[in-house]
Amino acid sequence: MSESGNSDEVDEPTRQEIIQQLESAGIQYSAKDSTKRLKGKLKKATEDTPREQSKSEVKPSEVNTVSAMTTIDSKVKLEFELGKNNWETFVERFELYFFANGISDEKKQAAILLTRVSADTYKLAKNLCHPEKLMDKKFNEVSKLLSDHLCPKPPETIERCKFYAAQQGPFEKLADFGARLKELSLNCNFADLETALRDQLVCGLKDHASKTELFKQEKLTYAGAYKIALAREKAEMNTTTAEKLSESNRHDDNIHSVKANDNKSHKNKSNSSLVCYCCEKPNHIARNCKHRQQTCRNCKRQGHLEAMCRSQKKKI
């Protein structure tokens, strides 16, 4: 019993040893803490260490990748249905999806693509691929197979004819016209797309003054032509707005002028029916009469002329 008791005492660390272990682990403590409390802190630190080590084994890049993939998978819905969605747009979005998720295996890409299409689309792809199997195809092969069937390229000559016939509509903004030109050029296969866009932008403008200004420019690019035409369009819009405001103000002034004239005419009309009892003249009243301070020669009272004296009228 004594030997076992001695061995237990030897195995039990002293207070000083516990403090040294706490200091080496960088754990804060107080000199007033009891030995039991110091043991508790050391035990807790020992238990937390394996958890921290297991977390540190996972690389930050791996955590970010998993988190990003989970976010993308949960939020992005990539599905294709015949007669409802655009195939080329669908394929482009999937290419971005593969890039964002780091999926580079082309057969795996094809498998993921085929699981996101409707049953009718999958059946169509299977028939187009026959006698070969879809499982053996890569992403680019599957996408091209369906692209050739669903989005056949129109003849280049027809597309260029449409492009060169494009004109800016009477109510079409320059930004919309520029976007329409770029869309029309998609299947034209121009060797110099920048030059083609510049030429048709200038030739298709509805504003003659803008065309004239652009024809004066040397070494003109599409971006330069677009910038000048856009500035003129905005200036024209601002001028039109200013003219409308000015016209509106003139209209309001005319209305106020008519009302003022009507009021003045009404006032004159009302005054014309008035007769002053001081001097017997029209268009004013007694308190505005210049004779209201004069004394009547007949009754010797102030406020009227002799011709308007009531005392004289009574004698008559």
Side-chain angles (χ1 to χ4, degrees), residues 68 71-72 75-81 83-101 140 143-144 147-148 150-255:
T71 303
I72 293 171
K75 292 184 178 181
V76 178
K77 293 183 179 179
L78 292 173
E79 298 176 351
F80 179 81
E81 187 176 342
K84 184 178 180 181
N85 306 112
N86 181 277
W87 174 255
E88 291 182 338
T89 303
F90 175 72
V91 171
E92 288 175 2
R93 292 184 67 196
F94 247 109
E95 290 173 346
L96 294 173
Y97 174 82
F98 293 145
F99 176 78
N101 288 277
N140 290 335
S143 61
K144 186 177 185 305
S147 294
D148 292 341
L150 298 174
C151 309
K153 299 297 181 183
E156 181 182 297
T157 52
I158 297 296
E159 292 302 294
R160 290 195 177 192
C161 183
K162 293 178 182 178
F163 178 82
Y164 288 125
Q167 297 289 321
Q168 186 180 10
F171 302 104
E172 187 177 23
K173 292 184 178 180
L174 181 67
D176 297 331
F177 179 53
R180 184 159 62 89
L181 284 178
K182 289 186 176 182
E183 183 180 2
L184 289 171
S185 68
L186 289 176
N187 297 310
C188 291
N189 299 321
F190 288 119
D192 189 351
L193 178 60
E194 185 80 10
T195 301
L197 286 171
R198 179 204 63 186
D199 293 346
Q200 195 54 35
L201 177 73
V202 176
C203 295
L205 286 175
K206 63 182 178 181
D207 185 54
H208 181 75
S210 296
K211 281 185 181 181
T212 304
E213 180 65 25
L214 291 173
F215 284 142
K216 295 178 182 178
Q217 305 296 320
E218 294 183 2
K219 297 181 180 180
L220 185 66
T221 62
Y222 172 78
Y226 184 87
K227 184 177 180 180
I228 294 172
L230 184 63
R232 291 186 64 89
E233 182 184 71
K234 288 182 178 180
E236 181 67 25
M237 291 173 62
N238 292 336
T239 302
T240 303
T241 302
E243 288 177 351
K244 286 182 179 179
L245 289 174
S246 179
E247 182 65 27
S248 176
N249 292 335
R250 283 199 297 269
H251 180 67
D252 292 342
D253 291 341
N254 291 336
I255 291 175

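Just so it is clear, the structure is predicted and the values come from calculations on it, not from any experiment. We number each residue from 1, following the sequence as shown.
- Looking only at side-chain heavy atoms (C-beta outward), L205 and L214 come within less than 4.5 Å of each other.
- Under a cut-off of 6.0 angstrom, the local environment of CZ in F99 is sparse, with at most 12 non-hydrogen atoms contributed by other residues, nucleotides or ligands.
- To the nearest 0.5 Å, atom CG of residue N187 and atom CZ of residue F163 are 12.5 Å apart.
- Here T240 pairs with E236, K244 under the side-chain contact (heavy atoms from CB on, under 4.5 Å) rule; sequence neighbours left out.
- With sequence neighbours excluded, the residues satisfying side chain to side chain donor-acceptor pair (under 3.5 Å) with K153 are E88.
- The distance from the CD atom of E92 to the CD atom of E95 is 6.5 Å, given to the nearest 0.5 Å.
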Ignoring hydrogens and angles, write down the donor-acceptor pairs under 3.5 Å from the side chains of residues 165-173, residues two or more places apart or on other chains.
from : atom 1 : to   : atom 2 : distance (Å)
Q168 : OE1    : K206 : N      : 3.2
Q168 : NE2    : E172 : O      : 2.8
E172 : OE1    : G169 : N      : 2.9
E172 : OE1    : R180 : NH2    : 2.9
E172 : OE2    : R180 : NE     : 3.0

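- With hydrogens and angles ignored, the 3.5 Å screen pairs no side-chain donor or acceptor of R198 with any backbone N or O of A225.
- Taken to the nearest 0.5 Å, the CG atom of L174 stands 11.5 Å off from the CD1 atom of I228.
- Applying the side-chain contact (heavy atoms from CB on, under 4.5 Å) rule to K216 yields the partners T212, E213; only residues at least two apart in sequence or on another chain are considered.
- Taken from OH in Y164 to SG in C188, the straight-line distance is 7.5 Å, to the nearest 0.5 Å.
- In E183, the CD atom is not crowded: 12 or fewer heavy atoms of neighbouring residues, nucleotides or ligands sit closer than 6.0 Å.
- Residues passing the salt bridge (charged side-chain N to carboxylate O under 4.0 Å, His left out) test with R160, sequence neighbours excluded: E156.
- With rounding to the nearest 0.5 Å, the separation of OG1 in T89 from CG in L78 is 11.5 Å.
- Residues F80 and N86 share a closest heavy-atom pair of CE1-C, 3.8 Å.
- Scanning both residues, S143 and W87, for their nearest heavy atoms gives O-NE1, 3.3 Å.
- The closest side-chain heavy-atom distance from L197 to L193 is below 4.5 Å.
- The line from CD of Q200 to OG1 of T195 is 13.0 Å long, rounded to the nearest 0.5 Å.
- Among residues at least two apart or in separate chains, side chain to side chain donor-acceptor pair (under 3.5 Å) pairs with a member in residues 221-234 are S210-R232.
- Using a 4.5 Å heavy-atom threshold, the side chains of F90 and L150 count as separate.
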